[in-house]
Amino acid sequence: MSDAPVLQVEGLVKHFPIHGGLLQRQVGAVRAVDGVTFSIRRGETLGLVGESGCGKSTIGKVVLKLIEPTAGKIVLAGEDVTALKPGAMWTHRRRIQTIFQDPYSSMNPRLPSGTIVGEPLENFGIARGADRDQRVAQLFRRVGLRPEAARKYAHEFSGGQRQRLGIAKALSVNPDVIVADEPVSALDVSVQAQVLNLLIDLQEEYGLAYLFISHDLAVMRHISHRIAVMYLGRIVELTDKRTLFTQPLHPYTEALLSAATAPDPKRRGQRKKIVQGDVPSPAKPPPGCHFHTRCLYATAECRVTDPPLLEVAPGHHVACLRRPVGGDPGPLTAP
Amino acid sequence: MTGTPGAILEVRDLHTQFSTLDGVVRAVDGVSFDVARGETLGIVGESGCGKSVTAMSILRLIPPETGRIASGSIKFEGEELTTLSEEEMKRLRGHRISMIFQEPMTSLNPVLTVGTQIAENVVRHLGVSWKAGRERAFEMLDLVRIADARRRLDEYPHQLSGGMRQRVMIAMALSCDPQVLIADEPTTALDVTIQAQILDLMIELKEKTGTAIVLITHDLGVVAETTERVVVMYAGRKVEQAPVEALFEEPLHPYTRGLMGAIPRLDVEADAAGTRPRLQEIPGLVPILTQPIVGCAFAPRCGFATDRCRSERPPLVDAGAGHLVACWEIDRVRRAA
Amino acid sequence: MAIIADDLALPPARRFSMWRAIRRNPTVALGGVLLAVLVVMAVFAPLIATNDPFKIAPVNRLRPPSERWWFGTDQFGRDVFSRTVYGARVSLIVGLSVAAISSILGLALGLACGYFRRVDSIVMRIMDGLMAIPSILLAIALITLSRPGLGIVIVAIVIPEVPRIVRVVRAVVLSIRAQPYVESAIAGGTRNWKLLTRHILPNTLAPLIVQSTYVCASAMLTEAGLSFLGAGVPPEVPSWGNIIAQGRTFFQIAPWTIMIPGTFLAVTVLAVNLLGDGLRDRLDPRLARRL
Amino acid sequence: MTAYIVRRLFATLPVMAVVALFVFFLLRFAPGDPAAIIAGEDATTEAIEAVRAKLGLDRPMVEQFFVWVTQLLRGDLGVSIFSNLPVTRLISQRLEPTVALTLSTLFVAVAMAIPIGVLAAWKVRKWVDRVVMGFAVLGFAMPVFVLAYILIYFFAVQWQMLPVQGYQPIKEGLWPFVESLILPSLALGITYMALIARTTRASMLEVLSQDYIRTANSKGLATGRVLLLHALKNAAVPIITVIGIGIALLISGVVITETVFNIPGLGRLTVDAVLKRDYPVVQGLILVFAGAKVLVNLVIDISYAFLDPRIRY
Amino acid sequence: MFKRILAGAFALAVPFAAGQAMAQEKVLKAVMHADVRVIDPVWTTQTIANIHGALIYDTLFGNDADQKPHPQMVGKYEVSPDKLTYTFTLRDGLKFHDGSPVTTKDVIASLKRWGAKDGVGQRLMGFVTKMEPVDDKTFTMVLKAPYGMVLESLGKTSSSIPAIMREKDALTDPQQQIKEAVGSGPYMFAKDQWVPGSKAVYLKNKDYQPRTEAPSSFAGAKIPGVDRIELVWISDPQTAMSALVNGEIDFYENPPNDFLPMLEKARGVKLLKTGKIDSTQGFIRLNHLQPPFDNVKARQAMYYLINQEDFLRAIVGNPKYYKVCPALLTCGGPYESAGGREWMKEYNPKKALQLLKEAGYKGEPITVLSATDHATITPATQVLIQAMREAGINVDAQSMDWGSVVTRRAKKDPPAQGGWNIFVTTSGGVGSANPVLHTWIGAACDKGLFGWPCDAKIEELRNAFGMAQTEEERKKIANELQARAMEQVVYVPFGQWDTPLAFRADKIDGVVPNTGLAVLWGITKK
């Protein structure tokens, strides 16, 4: 693991405008991503965890420049790619690849799998013709598929096999970073394990950096080195996984951990701090700390003041007014 | 196999099949289980294992164009359901046995108000007026702890959050005080925090009403959290059944073991920042159900498999204390633990 | 790690079987067979026809069907059977070329509209305008604009169809653009032209083909309608529409002049529709809602 | 909602402008000359020229266009070259029959189509479904005029049950009015019935496979309630859309039906005007048709909001 | 705009409401060959406009069934012995529909407008030096030379009739339509109930004072027989026939000949054969300005391509209703003649082609304007095209609607530049019977009709015919004229046919054969 970050994101903002009224003027915005900062080093997995609508998938797409950021900065392998137009971005795409969530719709149904996997090779002029086919065969083998399967179409594969195809495709151009957006959430448990193991093997083999997006804390814990917890477009806590699971500081992280079920009937009823209510709409996030509406420890100040993401302990970033720098990491109490 | 005394629902050797152009799919292939009054039974398995079809078969909701209950018996309070007329079956559904589904997003009718959808169930089965039905709907919404229930009655599903929709589904299912509630993946589509809320709500309501619950899920965590007994299904067959503690304590079927080893765990001691232990994989794919399966369905993927496993279907045997398992090699499996 | 275990065997692929295809889609088979018969009839019209379809013989006008004139004769004493056989040519040419031309134009415009947002606002305005004009009136106006002939009839029917196809293609392109595999291709470095030709275009073809079968069927009916109103292909051309239109005056005294070509027209349109329905079920079940 | 309607109405302006421009120049470039037609069978070339000058048809086209547009903006559609009557009057005279025919056709089509579409979807793949859909596909394939002649032959000529032709305004009494519309509505309606029935079936089939129908069935609701409330209301949007498309297509069918049944409606007026090159009438009519179409689309769009609470404007 | 239309629709309801009272009224519903679209019979030569005109306007003279003129509005008249001065006195009791009396001022203005527009009128006015009122009822017409067709012209029943309008209407520019249809005839036009393209309504003129003589075509008493005449327009002949059979209409002016056997069988329906000369003549017109038909030999070649039987069978079918007539002047008419008939003795395509070649035809395309929407012209054109093709002529058949044909035929340019070589048309037998009234026989070069035949001799003969004083002299000139016109090929006739009237004999009486124009006023309802 080298220290130079391969991907750096600073103050990233993505707003989707809402139009309305007689003249269809912009009347508001969905604040999908609302000022997010993080970085990933070579060979590292950064997990982005959060519930649906928290903006984690949007971050993935913005980082891939599949959608344009509203504000902020994206630095890919030392180069600022934030403002690059699609044409200029193209050369940088080699460095950052992606694995999609849905193994069923992320493959063009009308192309043989070999063509899909080999497409980036062609696009970047890396290999053509027989050379390409050979490389594709290697990739197939590497992800555990028979090379002959390159002639088959996506629908002829099972979900897990499709996900292997997606991995092979992402791998084909030797990227620095892979954005994996819920790559296993559509898979059955037994297959999920296969894919997760493969991802870890590949990371170790090629020194890949993963931006791993998931809602599943257990998966996250398994694959990540560091984890960022998101809530309504913001990172509320960011630290290494051990610290996160043993000493969560943000009330939301705590709530997530206590809500997760464990495959152990003996632990039944041990969950205590279940947050109530629903996630507010990102189009109308609450003022102050976004989480204050569901927080068990919210104070009056939380309702008005926006907590900054602070490094309260070395490598442990938290955005909570009740967790000051160098503060007591012990349990909070309701005000 | 002996029927549980006081069982409210008895399923015996159920076979449900679908005709497709590729052949007959044996979605449920000889499954039996009982549900006792007030009990929570979990049915767990991966997609395509036949757990949902089992649930649909109980309510006889298998689409008649393609599927049918080929054989077997389903008794509810001693009454045989497979031979009831469609009209009698309708009287039963939503009244004495009701069901909730995985996707609260799509399981509620988008063009009818929440109040109508709950009230119509009450009006249909309890024969009360629409006014009384609405009143009941209000009570139920209040019961599932939907804030401002009166106003929500006139709202449409799209105006509610996912969690609220699932609460509405529960309110609807419980509105006629059913004896059995079948919950098919009730929390799979929900966020973690909401899932926790809903599971808590279900447990609480079960205690309040005494309704037996059949909880169908692929999530071992949910099973461990909520059920009393568990049925594990694979390829349309029941492979294991045990009280929940016993199952998690010592899973006996290699498949169950495989499942438990394959999931990443949150509950074990956190490992150091850099280490990432390998997950246990179950190699291979689930069998194709259009082809008849000889022997144990799991044999091709099983590390313990012998020639006997591949040729002879293992019967369910009691391994002690109500722990049933269908495996020829229980002893070897036990020893391997 | 480069081990390929047998446990990663692929699910067996289904082999194509004619019988399965027919069983799955009996209507397509029926439509296809009917259409094939008609195509054979059109192609080999000179061999099948028993008389010269253009030959006017007033002496033999309005003869009922007989051994000599299988389907009787029309007001000019022309052989209705031969004209009907030749009429298959005209109807098929009209149907197929309208379907082909409007599909190609609609595809090009629809792709442009769906893919390039700036083109979209302009082109769609014009398409809306064209769509707002009742198609048969537009066709009549266009046909009077130029000398009637097969060509202008085809053009006249194509113009009002194009906006419809553009809409279908555009909608499909927009929905394909939102597909993860398109994003996946972009992320994989695929650029505009290739994205359009390799990923978007092929996936618009299924709904386009289905839509074009309906266009084909409706073009045949429109051709007949235009002939009926006296604005179709030149009267000597033996199109089914013309035969019916000319025969309509004699409906009560010589019903064969209208019923037989009418039946042929209906059966052809039926066949094309069946084919379209079958293709729709096969290729694009969601299109069913859009129609 | 009001903002939406206003916005939609504004959005129709460019559409109408495209229509106006297109129609005007299309007609002007068309061969054929009203002057020659007016002048009559025996008129000389000079006489035709004189008529043309009187009608202002010898003026530059751009000038004619501006004259027309200026009139339009004043709400004046001009005067028919032949009858010398204002186009607005000609149109208003013909409005009732066409509206009556359109509405009764729609009524016939919808009243037949929705029940059989629902029935077919309910009994999908059963013989009822096959019969109904076979009939629907056949209905769609039948040229309107062939059907019309068959209907006339049997119902009017052979059995003398209904009038052959003509239109009785509603002022003449309800029965004569209805009587005069039965055959034309049937002849025209079968096609649309086929179209709507097919869409209803397809839409119902899709809805019937939805989760909320499974929910409704799991509640043990009566089949009627599931089909007609839970399913049909959800299936309504595509059905309404196709009815909207149907209204647009009807206009073509109306032209033919009005010709066969001799109904003095707008369709017939348009064809006559085109064939006689009565420019002001054609222009006015096409604008009216286009406007009607735009209006129908608007009504359809608004009706979505009533059928589907998820749609907001 | 929509509001206005809607308002109009409601306003329209008022006359319909009035319709309730007419239940007891006697209504004649008639389907004519065309719809009343233009209300000015002078402005257009359309036959239907003149049928309309003949209902509401009176004329000074009226030709009887034998085309002999009799006084109609005129009470008495005198012709000076030198035949140059005509003195006309209007009969008593003539009133316009608005109640104003008919005066000589109205008459002179009407004749002047008609004379400026109508072909026959123009010819007459060529002889007239002045028309002057003597008093309100008497006026004189002075000619510069004796003209034998004065009264026939004033009573004519073909193309534009010399309708007598109010002076204020008659002062309208002849190139512009009159706005009000107010005449002094037996019926009044109900303009508010007129739906162009659908129906025109005429109400009985209760104040009309008919003559006392027995009615005969346009001559004699015009007694309005019903309270209301509705000229209903049914464009589809199939529908029109069914409507007659079903009793929905009373009168059908021109049922296609193929329907006649069915109508003969239909209960209550009767057919009335056309009068002696009111048949229709069909012919092929060649463009004399453009090659090859600028050469007389090429024109004569066309005679060898015409087998009249073929044409007539295609158009008419039943031989009962058609007549082969290789002549230009109506066969069966007063001036039927033998002149030039030898040209059409033989059908010989080979000879036709040979003649064409001799005239310098080298296989260039010959442009035929082919109407697609005309009951008789369309089939005739088809037969012609086939005959030409069989002869080996390169035919460029340009299909178009009749509206386009009438435009295109006025173009003098070469075919390649929008002109033409051949078109097919028809002419009424009444007009075609008389060399003066028959404009198509003329050869006045540019001033003539499309095709522009140019032959001084023909025009001379037509003038001479007009000036001839005796019937023998006329017949002799007519014979000579036809011989010359056939030789020059002003047009190529393909025969003559009748169009019987069909009507409900169980419902109406008093139907008489058409004489150029339908005579509707005498029809009564049972």
Side-chain angles (χ1 to χ4, degrees), chain A residues 1 45 49-54 158-161 187-194 196-197 200-201 203-204 215-226 240-246 252 255-269 271 274-279 281 294, chain B residues 46-48 145 147 160-164 187 190-197 199-200 203 218-228 230 243-245 247-249 255 258-274 276-286 301:
Chain A
M1 233 184 266
T45 302
V49 72
E51 294 177 291
S52 49
C54 71
S158 74
Q161 289 170 331
L187 305 178
D188 270 325
V189 177
S190 59
V191 182
Q192 173 178 311
Q194 297 168 2
L196 285 175
N197 284 342
I200 290 173
D201 291 343
Q203 181 170 46
E204 282 162 6
H215 69 280
D216 188 329
L217 284 167
V219 167
M220 210 42 125
R221 172 165 167 181
H222 183 75
I223 197 166
S224 302
H225 296 103
R226 287 189 301 138
D240 66 275
K241 82 170 157 193
R242 189 189 165 85
T243 316
L244 190 88
F245 285 99
T246 51
Y252 177 64
L256 273 186
L257 291 177
S258 69
T261 56
D264 185 355
K266 279 176 268 174
R267 292 191 166 212
R268 196 184 273 198
R271 294 180 291 137
I274 293 178
V275 290
Q276 293 304 315
D278 289 305
V279 183
S281 158
R294 301 168 80 195
Chain B
E46 294 182 289
S47 47
R145 284 200 240 101
L160 308 180
S161 70
M164 279 204 273
T187 58
L190 302 176
D191 277 321
V192 193
T193 55
I194 310 298
Q195 164 171 308
Q197 293 170 12
L199 290 178
D200 278 4
I203 294 164
H218 70 281
D219 187 330
L220 290 172
V222 170
V223 170
E225 202 76 51
T226 46
T227 61
E228 288 154 25
V230 185
V244 66
E245 293 84 5
L247 186 81
F248 282 89
E249 186 67 37
Y255 173 65
L259 271 189
M260 289 189 183
I263 48 169
R265 306 282 292 234
L266 262 185
D267 51 334
V268 290
E269 259 317 289
D271 24 61
R276 290 180 296 180
R278 285 186 73 79
L279 293 170
Q280 195 182 320
E281 292 182 18
I282 304 177
L285 297 171
V286 290
R301 305 174 76 185

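Labels below follow one simple rule: chain letters A, B, ... track the order of the sequence lines, proteins then strands, and each chain is numbered from 1.
- The nearest pair of heavy atoms linking B:L279 to A:L196 is CD1-CD1, 3.6 Å.
- Rounded to the nearest 0.5 angstrom, A:T261 OG1 and B:L199 CG are separated by 7.5 Å.
- The candidate with the highest count of non-hydrogen atom pairs below 4.5 Å against chain A, out of B:L220, B:V192, B:D219, is B:V192.
- Considering only heavy-atom pairs separated by less than 4.5 Å from chain B, the leading option among A:G277, A:P265, A:S281, A:G159 is A:P265.
- When each of B:G163, B:P264, B:A262 is checked for heavy-atom pairs under 4.5 Å with chain A, B:P264 comes out on top.
- The two residues B:E281 and A:N197 have their closest heavy-atom pair at OE2-ND2, 3.1 Å.
- Interface residue A:T45: only side-chain heavy atoms are found under 4.5 Å from chain B.
- Of all non-hydrogen atoms in A:D188 and B:E46, the two that sit nearest each other are CB-OE2, 3.1 Å.
- No part of A:L244 comes within reach of chain B, as not one of its non-hydrogen atoms sits under 4.5 angstrom from that chain.
- B:V223 touches chain A through its backbone: at least one of N, CA, C or O sits under 4.5 Å from a heavy atom, while the side chain does not.
- Residue A:R294 touches chain B through its side chain alone, counting heavy-atom pairs closer than 4.5 Å.
- In terms of heavy-atom proximity, A:Q194 sits nearest to B:P283 at NE2-CA, 3.9 Å.
- Between the CG atom in B:L190 and the NE2 atom in A:H215 there is a gap of 10.0 Å [rounded to 0.5 Å].
- Using a 4.5 Å cut-off between heavy atoms, B:Q280 contacts chain A through its backbone alone, with no side-chain atom that close.
- The backbone N or O of A:K266 sits nowhere less than 3.5 Å from a side-chain atom of B:E245 that would complete a donor-acceptor pair.
- Contacts with chain A were tallied for B:L247, B:L259, B:V286, B:V244; B:V244 has the most, counting heavy-atom pairs under 4.5 Å.
- A:D278 has its side chain within reach of B:M164: a pair of non-hydrogen atoms, C-beta onward, lies under 4.5 Å apart.
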